[in-house]
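Reviewing the structure listed below.
Every value quoted in this text rests on a predicted model; they were computed, and no experiment measured them. Lettering follows sequence order; numbering is per chain, from 1.
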Amino acid sequence: MDKTSLLKLGNVLILSIEGEINDLSVVSMQEMLLREVMNTSARGVVLNISRLEIMDSYMARVLSDTARMIRFMGGSTILVGINPMIALTMVDMGLDIKEVKTALNLEAALEMMKGLILLAKYPEVNA
Amino acid sequence: MNQDVEKKENVTDLFEEWLIGIEMSIWGRQETNVLSRIESLGLQMFKTLQGDLPAEGLGAELPKIITEIAKIGQHGKATPREIALFAYSFRPFLKRLNSTVSVERLNQILDEIGIFSLEFFFTNSDNIIHAQRQDLLELSTPIIKLWEGILVLPLIGTLDSKRTQEVMEKLLNAIIIHGSKVIILDITGVLTVDTLVANYILKTAAAVNLIGAKLIITGISPEIALTMVHLGVELGGIVTRAVMADGVELALALLQKRIIDLKKE
């Protein structure tokens, strides 16, 4: 738990995951995040993994599962800060997180989130 | 003491004689400062051959001298034969060399020196070729910042797995450094696109997407389009354009920018 930090910015939650994180703490992190989404009625979650050192298949699955769970709770998720080496490894290993949106940095993610929240609020605009 | 003086004179005489021979060979055609370096190396060679020599191998001094010579020779476009001949130019003097070592052993050492010079020549050539290949790779894959948020990567030549890997890493790092949102991959200069190359492009697109940017592929010529369709290559989900100009326009549109004609305004 000490390796993650959760910030609230308006109706967006920003979760930063750092260093090496084991399978157990990933799950507790996921639970904590979902609880916070419910408590704060956040409409969007930005997962910042720019300080994450290792990405394995389990981590990739947890991330895409989390995104799906948040979608069920009425929020949108953006993954930000995948570093080049992790991106290459993921592509080589065939780790697929296609359903999760990605952004280059936090700034771009928050910009993107504005649009996503608006879209979720007024789905007919898109239709 | 007396013997020492005699020895020294002997070396100088031999050296003078050797010098005449050397000046008439390719080594004599080098520039004056290079020639004087060769001369001093030759003198060093005589002194080393006359001194204490190891019973086995070449010792420390001789390889150093011959390495220097090979370097100078390679720089002056000497052939390996000429470099080896330099080593063998000492052979006529071996008998007269008032050395502590037998002539047979000296001959053996000289043979080894010749082979050593050749060996050095070829490893050095290999290194040069390797460095040039690296330079070529750098030159053939420049990453250009076209506009704030747009990077262009023109690919030229043939793609193989090693090269693609390097290009991919370079591109991903450049995206992070420049904070680019759109990347135009121009393959006008790629000769053929087979399933392997298409796979590389797909991988690059996936990695770029993970980082949070978008890849546009441009420069797909009719020939490439034809081969790709015939080979059944799929570029599912990747935006493609025929010419780079269209790609640039699309990239700007993605950043909600456009190019306007000042006259029409």
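The shortest heavy-atom contact between Thr102(A) and Gly212(B) is OG1-CA, 3.6 Å. Residues Ala87(A) and Leu172(B) share a closest heavy-atom pair of CB-CD1, 4.3 Å. Asn173(B) and Pro84(A) get closest at one heavy-atom pair: OD1-CG, 3.2 Å. Taking both residues in full, the closest heavy atoms of Ile175(B) and Leu104(A) are given as CG2-CD1, 3.5 Å, listed atom of the first, atom of the second, then distance.
Counting heavy-atom neighbours within 6.0 Å of Glu249(B) CD, excluding the residue itself, gives a total of 12 or less. Surrounding CG of Leu226(B) are more than 12 heavy atoms belonging to other residues, nucleotides or ligands, all under 6.0 Å away. Counting non-hydrogen atoms of other residues, nucleotides and ligands closer than 6.0 Å to CD of Gln165(B) gives a total above 12. Crowding of Lys101(A) atom NZ: a count of heavy atoms from other residues, nucleotides or ligands under 6.0 Å not exceeding 12. Within 6.0 Å of CD in Glu166(B) there are more than 12 heavy atoms belonging to other residues, nucleotides or ligands.
Atom CG in Leu79(A) sits 11.5 Å away from atom CD1 in Ile211(B) (nearest 0.5 Å). Distance check: Lys181(B) NZ to Met112(A) CE gives 9.0 Å after rounding to the nearest 0.5 Å.
Contacts between Met85(A) and chain B at a heavy-atom distance below 4.5 Å involve the side chain alone, from C-beta outward. With a threshold of 4.5 angstrom between heavy atoms, Ser180(B) approaches chain A through N, CA, C or O but not through any side-chain atom.
Annotation: side chain of Ile176(B) is not in contact with side chain of Asn83(A) (no heavy-atom distance under 4.5 Å).
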